[in-house]
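Only one structure is covered here, and it is reproduced in the block below.
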Amino acid sequence: MSADPRVKKLKVQTGVVKRISKEKASYEKEADQLAKKVQDMEASKADEYVIKKQKECLEESRQMVPDTRNRLSKALEELRSLVAEYRAAGDLDQDAEVLKEALEQVGVGEAAMN
């Protein structure tokens, strides 16, 4: 393992992209589940107050998706920049696994953006 600060930055940014990608997927899943729950509650004529509160939760989840998307976009851009910087340095053999992981997370992050 290298003591190169670029490697550490690359690892940290890779983790950031990984975490935000999971967070975005989680918010989207939560919004879908809440939408279904609200729909079921309305169909079964549940208490209006409970339905209203569930709709508020649903709206909060939906509002988090664009915010998370923006953060993911910024994190991806930073990771791409670090990968390009690392490649430009030319010492790829030394920490090839770190670079491979970073590139995988770029792909995961880009897929999460869609």
Side-chain angles (χ1 to χ4, degrees):
M1 191 113 115
S2 176
D4 188 346
R6 291 174 301 156
V7 173
K8 184 175 181 179
K9 284 176 80 174
L10 194 60
K11 283 182 174 182
V12 168
Q13 196 61 32
T14 298
V16 168
V17 169
K18 188 176 188 177
R19 178 181 49 81
I20 295 174
S21 295
K22 286 181 179 180
E23 189 177 325
K24 182 178 178 289
S26 175
Y27 281 125
E28 289 171 339
K29 182 179 176 183
E30 180 181 10
D32 290 344
Q33 289 173 342
L34 285 171
K36 184 179 179 342
K37 185 175 182 178
V38 167
Q39 189 177 30
D40 291 345
M41 290 173 78
E42 288 175 335
S44 67
K45 307 282 190 234
D47 183 37
E48 286 298 316
Y49 177 78
V50 175
I51 292 173
K52 178 183 173 192
K53 288 299 175 185
Q54 287 300 311
K55 284 182 178 179
E56 288 173 8
C57 289
L58 173 59
E59 192 55 39
E60 286 176 16
S61 290
R62 286 183 176 159
Q63 288 174 0
M64 290 306 297
V65 173
D67 174 63
T68 307
R69 183 183 201 50
N70 290 337
R71 290 187 297 123
L72 179 57
S73 176
K74 289 176 186 174
L76 268 172
E77 196 57 41
E78 176 71 19
L79 184 57
R80 284 188 199 109
S81 172
L82 289 172
V83 166
E85 178 184 314
Y86 193 76
R87 282 182 165 166
D91 50 353
L92 301 176
D93 294 337
Q94 195 174 2
D95 293 293
E97 193 61 36
V98 173
L99 183 61
K100 180 182 173 192
E101 174 74 19
L103 291 171
E104 285 175 10
Q105 286 307 311
V106 167
V108 168
E110 288 173 346
M113 291 295 291
N114 296 326

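What you see is a predicted model; the values in this text were computed from it and never measured.
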>> Please evaluate residues K24 and E28 with respect to the criterion salt bridge (charged side-chain N to carboxylate O under 4.0 Å, His left out), reporting the C-alpha separation (whole Å), side-chain torsions for both, the decisive distance (0.1 Å), and the verdict.
In response: CA-CA 6 Å; K24 182 178 178 289; E28 289 171 339; 2.5 Å; yes
> Should Q105 and Q13 be marked as a side chain to side chain contact (heavy atoms under 4.5 Å, CB included) after you check the CA-CA gap, both sets of side-chain angles, and the distance that decides it?
Replying inline: CA-CA 10 Å; Q105 286 307 311; Q13 196 61 32; over 6 Å; no
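We find the CD-CG distance between E97 and L99 to be 10.0 Å, quoted to the nearest 0.5 Å. Taken from NZ in K22 to NZ in K29, the straight-line distance is 13.0 Å, to the nearest 0.5 Å. Distance NZ/K52 to CE/M41: 13.5 Å, rounded to 0.5 Å. Taking CD of Q63 as the reference point, atom CG of L58 lies at 10.0 Å (rounded to 0.5 Å). With rounding to the nearest 0.5 Å, the separation of CD in E56 from CD1 in I51 is 12.5 Å.
With hydrogens and angles disregarded, no donor-acceptor distance shorter than 3.5 Å links the side chain of S73 to the backbone of R69.
Here the shortest heavy-atom pairing between K9 and L82 reads O-CD1, 3.7 Å. L34 and S61 make their closest contact through CD1-OG, 3.7 Å (heavy atoms, listed as atom of the first residue, atom of the second, distance). Nearest heavy atoms, A75 versus I20: CB-CD1, 4.1 Å.
Hydrophobic clustering (side-chain heavy atoms under 4.5 Å, transitive across Ile, Leu, Val, Met, Phe, Trp, Tyr) keeps V106 apart from V108.
A salt bridge is defined here as a Lys NZ or Arg NE, NH1 or NH2 lying under 4.0 Å from an Asp or Glu carboxylate O, and R80 with E110 meets this definition.
Annotation: salt bridge (charged side-chain N to carboxylate O under 4.0 Å, His left out) contacts of R19 (sequence neighbours excluded): E23.
Hydrophobic cluster membership for M64: Y27, V65 (Ile, Leu, Val, Met, Phe, Trp, Tyr linked by side-chain heavy atoms under 4.5 Å, directly or transitively).
At least one side-chain heavy atom of L79 sits less than 4.5 Å from a side-chain heavy atom of T14. Side chains of K100 and L103 form no contact here, defined as non-hydrogen atoms less than 4.5 Å apart.
Counting only residues at least two apart or on different chains, the side chain to side chain donor-acceptor pair (under 3.5 Å) pairs with a member in residues 36-47 are K36-D40, E42-K55.
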